[in-house]
Amino acid sequence: MTVRTRFAPSPTGYLHVGGGRTALFNWLYARRHGGKFILRIEDTDEKRNTEEAHQVIYDGLKWLGLDWDEGPDKGGEFGPYRQSERSDIYAKYLARLELGGHVYEDGGAIRFRSPRKSVVVEDMVCGRIEFDMSNPATHPDMTIRRPDGSWIFHFVNVVDDIEMKLTHVIRGEDHLSNTPKHVELYNALGEKPPVFGHIPLILNHEGKKLSKRDGGSSITYFMEHGYAPEAVVNYLCLLGWSPGDNREKLTMEELLAVFDIDKINRRNAIFDLDKCFWLNGQHILSMSFERFVELAKPFVEKAAIAYGTNESLLAALAIVKPKVKHLSDVPDWIGFLFTEDFSFDSEAVEKSLNKAGAAGRLQALRTTLVNLSEWTHASLEAALKETATALGVKTGELVHPARVAVSGRSVGPGLYEMFVVLGKDRTLARFERASAKAAA
RNA sequence: GACCCUAUCGUCCAGCGGUUAGGACACUGCCCUUUCACGGCGGUAACACGGGUUCGAAUCCCGUUAGGGUCGCCA
C-alpha cells in the first residue's frame, strides 16, 4: 500500500505556521515512505475564496520546499482538488448514507445519526484513545449539509480522504476531539479509516493559540523577514521533537533521514522567535555561497541597490555572508560598497573619527597605502600594522577610524575585506573625505 | 459544564526505575578578536502538588491543581 498524505488548508489568504508545520510533517512522512503528498483546498466557504488566497498557500509551500504530487494546479487521478468543485461526489456519498438510514432531515439541514457507541482511535502520536459518544447532549448529531445545499467540513473532509485514498491523516491536535465523529462516518460508509496522527499545537508566549497578531505566525512573515526556508523547516521540526543526539541544526536531507512523526511529543509548544532566529544565522553561516546568493539576491534587487556587475555583487555578498543573520539585512550590509553617497553614523563618527589625532593617523595610513604595490588582504593587514607600530599606537587606533572612513559605521564586514572589495582608488578617496570631515 | 490531551530550567527538547537531572535558545562572566558576529571555557536556572507501588521514582499508578483543545447549519 502506497502511503498517501495530504495538506488540506482553507484559503484564508494567510498560511499559519501551524499549517506550514502540518504540511511539512505530512510531506516528510510521504517522502520518507516513498508515498504521495496531496494538496487539497477546502473552500466550501465560498465567501472568502479568492485566487490570491490560493496563491498564498502555493507560495508558502513552495518557499518551504514542499512539493505536492497532486493538487488543484497540478491535477491528479482523484481530482478535482478543490472542494467547491466536488459537490457531485458529496451528493453520491450522501445517497449512500441515506440508503443505510444514517441521516435524517432537521429544519432543512441534513444530520448524521450517531450510533452512540464508544469509538476507539489509535493515534500515531497520542496512542489509543477511547471516546464515549453515548451522550447526545455533549456529542450532538453532526450536520453534514445546510438547508441551502452547501456541505459541512466533517463530511466533505471524510469523503475526500476516502476518495483520494489517503492512508495517513496528520493534522493539528485541535481535530482530535472531532476524530470520533469522522470515524463514525467512515464506519457508516463501510470504509476503513486512515491512520490518524494529531500533532501538538503551536502557542504564543501567553500560552494561547498563535494568532495573526503574533510575530512569526504566518509563513509570509518568514519569507519577508529574511529567513532561510531550511532554517524555518528545521525550527518547526524541533517544536515537539528532537533527533535525540543533541543536534539542533539539521538540513532538510538530515531531517528526511531521521524525522519520525511517532516520536513527536504530545505537548503544545510555545513558539520562540529567538531560537528560530539563531537557527537562521546557523544555516546562513553554513550554507553554500551559491545558496546564499540565491536567497539574498531578491532582497538586493528589491532594495534596488546599484551593484553594477554580477561579479561586484558576488564580491560584496562574499564578505557579508559570515555576518548576516537576516537575509533582509543584506542590502543594508552591502549598500555602502556601491555608492559614495553613503551615510555616516553620527555615533560612530563621534567615537572614532572625531577622536583626537584620528585625522592625522588616517593621513599616515593613507600615505602608506598609496605606496602599497599589492592590494590584498594580507598586504593591507601588514601595512596597517606597520603603520600602527611606526606611529606608536595600537592597531585599533587605526582600524576604527579607517572602518568609519570607508563604511560610515562602526559595525560591518572585516576591514581588509572592505578595502579589497572597494579597491585602492575608492578606499583612498574615502580616506581623503573622512580626513576632511574629521578635521572640520 | 461535559469529554479529550498535556505537565522537567523563562522557552524548546533529552531522560523511559538507581544520573552530580543533560543539550539548545535567551540572559550572563571570561577568553579569542580590527568592529560586529562566529567560536571556546564557565555561570544563573527545572522534575506543579499530594498520595501510593518499590529497597529505590522526574520516570509506574491514582488524585488535585494548572494549561490547552473539542463540544457550530466555521474550517
Side-chain angles (χ1 to χ4, degrees), chain A residues 8-12 19 42-45 47-48 83 106-111 121 123 125-127 129-135 137-140 142-148 150-154 156-157 171-181 198 200-201 203 205-209 235 237-249 264-279 281-282 284-286 320 322-325 333 348 351-352 380-381 384-385 388 394-404 407 409-418:
Chain A
S10 62
T12 58
E42 308 222 323
D43 57 352
T44 53
D45 185 0
K47 280 148 282 181
R48 53 185 183 187
Q83 290 187 330
D106 175 20
I110 295 175
R111 285 182 187 276
V121 175
D123 193 282
V125 179
C126 304
I129 304 164
E130 188 169 346
F131 294 88
D132 178 6
M133 305 295 282
S134 63
N135 185 357
T138 52
H139 296 92
M142 70 182 128
T143 304
I144 63 177
R145 203 186 70 178
R146 300 187 190 87
D148 69 0
S150 61
W151 305 96
I152 302 294
F153 161 74
H154 301 292
V156 295
N157 188 266
R171 54 179 14 169
E173 201 208 80
D174 48 343
H175 284 298
L176 185 57
S177 298
N178 290 148
T179 305
K181 287 195 271 197
H198 289 91
L201 268 20
L203 275 23
H205 275 288
E206 277 75 54
K208 307 287 181 201
K209 238 174 135 168
Y235 180 71
C237 283
L238 251 30
L239 239 34
W241 174 88
S242 87
D245 54 10
N246 283 341
R247 268 185 302 170
E248 303 285 337
K249 206 213 93 186
I264 196 166
N265 70 29
R266 300 157 79 169
R267 290 184 67 183
N268 291 161
I270 291 171
F271 193 93
D272 183 18
L273 201 51
D274 280 342
K275 183 146 183 180
C276 188
F277 172 72
W278 172 77
L279 266 177
Q282 294 292 309
I284 289 175
L285 208 53
S286 63
V320 122
K323 309 277 183 169
V324 165
K325 296 296 199 64
W333 273 78
K351 261 173 66 183
S352 47
L380 285 162
E381 181 167 4
L384 184 137
K385 286 187 170 158
K394 285 200 278 191
T395 320
E397 298 291 316
L398 282 181
V399 166
H400 298 308
R403 167 177 297 286
V404 177
S407 71
R409 48 183 86 179
S410 56
V411 174
L415 181 65
Y416 312 116
E417 280 89 341
M418 292 195 286

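Within every chain, numbering begins at 1; the chains are lettered A, B, ... in the order of the sequence lines, protein sequences first and strands thereafter. What's counted below: heavy atoms across the whole structure, side chains too, no hydrogens, waters or symmetry copies.
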A.B. asks: Would the distance check show the side chain of A:S407 and the main-chain N or O of A:R409 forming a donor-acceptor pair, the cut-off being under 3.5 Å?
C.D. replies: yes
A.B. asks: Is any side-chain N or O of A:K325 closer than 4.0 Å to OP1 or OP2 of B:rC38?
C.D. replies: yes
A.B. asks: Quick one: label A:N265 by what it contacts on the DNA or RNA (base, sugar-phosphate, nothing), any heavy atom closer than 4.0 Å.
C.D. replies: sugar-phosphate
A.B. asks: Can you tell me the base-pairing partner of B:rG10? Count Watson-Crick or G-U wobble geometry only, both distances below 3.5 Å, and say none if there is no partner.
C.D. replies: B:rC25
A.B. asks: How far does NZ of A:K249 sit from OG of A:S286, to the nearest 0.5 angstrom?
C.D. replies: 2.5 Å
A.B. asks: Expressed as a whole number of angstroms, how long is the span from A:D272:CG to B:rC9:P?
C.D. replies: 15 Å
A.B. asks: Please check the phosphate of B:rA75 (OP1 and OP2 only) for any side-chain N or O of A:T44 closer than 4.0 Å.
C.D. replies: yes
A.B. asks: Within less than 4.0 Å of OP1 or OP2 of B:rC74, is there a side-chain N or O belonging to A:Q83?
C.D. replies: no
A.B. asks: Select base, sugar-phosphate, or nothing to describe what A:G412 touches, counting heavy atoms under 4.0 Å on all strands.
C.D. replies: base
A.B. asks: Expressed in whole Å, how much space separates the P atoms belonging to B:rC73 and B:rG63?
C.D. replies: 33 Å
A.B. asks: Does a side-chain N or O of A:K209 approach OP1 or OP2 of B:rG68 to a distance below 4.0 Å, or not?
C.D. replies: no
A.B. asks: Using whole Å, report how far CG of A:L273 lies from P of B:rA24.
C.D. replies: 21 Å
A.B. asks: Is there a Watson-Crick or G-U wobble partner for B:rG17 with both distances under 3.5 Å, and which nucleotide is it?
C.D. replies: none
A.B. asks: Just N and O in the side chain of A:T143: are any of them under 4.0 Å from OP1 or OP2 of B:rC73?
C.D. replies: yes
A.B. asks: Rounded to the nearest Å, what distance is computed from the NZ atom of residue A:K394 to the P atom of nucleotide B:rU35?
C.D. replies: 11 Å
A.B. asks: Name the pairing partner of B:rU54, where a pair is Watson-Crick or G-U wobble with both distances under 3.5 Å, or state none.
C.D. replies: none
A.B. asks: So does A:P200 get a backbone contact from the side chain of A:N268, meaning a donor-acceptor N/O pair under 3.5 Å?
C.D. replies: no
A.B. asks: Calculate the interatomic distance between A:E417 atom CD and B:rU34 atom P; express it in whole Å.
C.D. replies: 12 Å
A.B. asks: Would you mind classifying the nucleic acid contact of A:E397 as base, sugar-phosphate or nothing, using non-hydrogen atoms under 4.0 angstrom?
C.D. replies: nothing
A.B. asks: A:S242 side chain to A:G244 main-chain N or O, any donor-acceptor pair under 3.5 Å?
C.D. replies: yes
A.B. asks: Does B:rC38 have a Watson-Crick or wobble mate here (both distances under 3.5 Å), and if so which one?
C.D. replies: none
A.B. asks: Any donor-acceptor pair, under 3.5 Å, between the side chain of A:R266 and the base of B:rU6, if you only look at N and O atoms?
C.D. replies: no
A.B. asks: Could you check whether A:P140 gets within reach of a base, just the sugar-phosphate, or nothing at all, counting any heavy atom under 4.0 Å?
C.D. replies: sugar-phosphate
A.B. asks: Return whichever of A:Y235 or A:R146 has its heavy-atom-nearest nucleotide of RNA chain B closer to the 5' end.
C.D. replies: A:Y235
A.B. asks: Go through B:rG67, B:rC25, B:rU70 for me and flag the one nearest to the A:W278 side chain.
C.D. replies: B:rC25
A.B. asks: Between A:N135 and A:H154, which is nearer to the 5' end of RNA chain B once each is assigned its nearest nucleotide?
C.D. replies: A:N135
A.B. asks: Which nucleotide wins on minimum distance to the side chain of A:Y416, given the candidates B:rC25, B:rU34, B:rG68?
C.D. replies: B:rU34
A.B. asks: Answer with base, sugar-phosphate or nothing: what part of the nucleic acid does A:S177 contact at a heavy-atom distance below 4.0 Å?
C.D. replies: base
A.B. asks: Tell me the interatomic distance from A:F153, atom CZ, to B:rU70, atom P, rounded to whole angstroms.
C.D. replies: 11 Å
A.B. asks: Nearest whole angstrom, please: distance from the P of B:rC71 to the CD of A:E173.
C.D. replies: 13 Å
A.B. asks: Phosphate oxygens OP1/OP2 of B:rC13: is one of them under 4.0 Å from a side-chain N or O of A:N246?
C.D. replies: no
A.B. asks: Just to be sure I understand the rule, does A:N178 reach a base, reach only the sugar-phosphate, or reach nothing, if contact means heavy atoms closer than 4.0 Å?
C.D. replies: base
A.B. asks: Can a donor-acceptor pair under 3.5 Å be found between the side-chain atoms of A:K385 and the base atoms of B:rU34?
C.D. replies: no
A.B. asks: Less than 4.5 Å apart, any side-chain heavy atom of A:R171 and any of A:T179?
C.D. replies: yes
A.B. asks: Could you measure between the two C1' atoms, the one in B:rG17 and the one in B:rA58, and give it in whole Å?
C.D. replies: 11 Å
A.B. asks: Mind checking if A:G172 touches a base, just sugar-phosphate, or nothing, with heavy atoms under 4.0 Å?
C.D. replies: nothing
A.B. asks: Within the 4.0 Å heavy-atom criterion, would you say A:L201 contacts the bases, only the backbone, or no part of the nucleic acid?
C.D. replies: sugar-phosphate
A.B. asks: Can any side-chain N or O of A:S150 pair as donor or acceptor with the backbone N or O of A:R146 at less than 3.5 Å?
C.D. replies: no
A.B. asks: Using purine N1 to pyrimidine N3 plus N6-O4 or O6-N4 for Watson-Crick, or N1-O2 and O6-N3 for G-U wobble, each under 3.5 Å, what pairs with B:rA45?
C.D. replies: none
A.B. asks: Tell me the partner of B:rC71, counting only Watson-Crick (N1-N3 plus N6-O4 or O6-N4) or G-U wobble (N1-O2 and O6-N3) with both under 3.5 Å; none if nothing fits.
C.D. replies: B:rG1
A.B. asks: What contact category does A:H175 fall into here, base, sugar-phosphate, or nothing, at under 4.0 angstrom with non-hydrogen atoms?
C.D. replies: base
A.B. asks: Ignoring backbone atoms, test whether A:R111 places a side-chain nitrogen or oxygen under 4.0 Å from the OP1 or OP2 oxygen of B:rC73.
C.D. replies: yes
A.B. asks: Between A:E173 and A:R266, does at least one N-O distance fall below 4.0 Å, as a salt bridge requires?
C.D. replies: no
A.B. asks: Where the side chain of A:A109 is concerned, which of B:rU35, B:rC73, B:rC12 is the nearest nucleotide?
C.D. replies: B:rC73
A.B. asks: Within the side chain of A:Y235, is there an N or O that forms a donor-acceptor pair under 3.5 Å with the backbone of A:W278?
C.D. replies: no
A.B. asks: Measure CH2/A:W333 against P/B:rA37 and give the value in whole Å, please.
C.D. replies: 9 Å
A.B. asks: Which is true for A:T395 with a 4.0 Å heavy-atom rule: it touches a base, it touches only sugar-phosphate, or it touches nothing?
C.D. replies: nothing
A.B. asks: Within this structure, what is the NZ-CZ distance for the pair A:K181 and A:F131, rounded to the nearest 0.5 Å?
C.D. replies: 11.0 Å
A.B. asks: Using atom CG of A:L398 as one end and atom C1' of B:rU35 as the other, report the distance to the nearest whole Å.
C.D. replies: 14 Å
A.B. asks: Can you tell me how far P in B:rU70 sits from the matching atom in B:rU11, rounded to whole Å?
C.D. replies: 23 Å
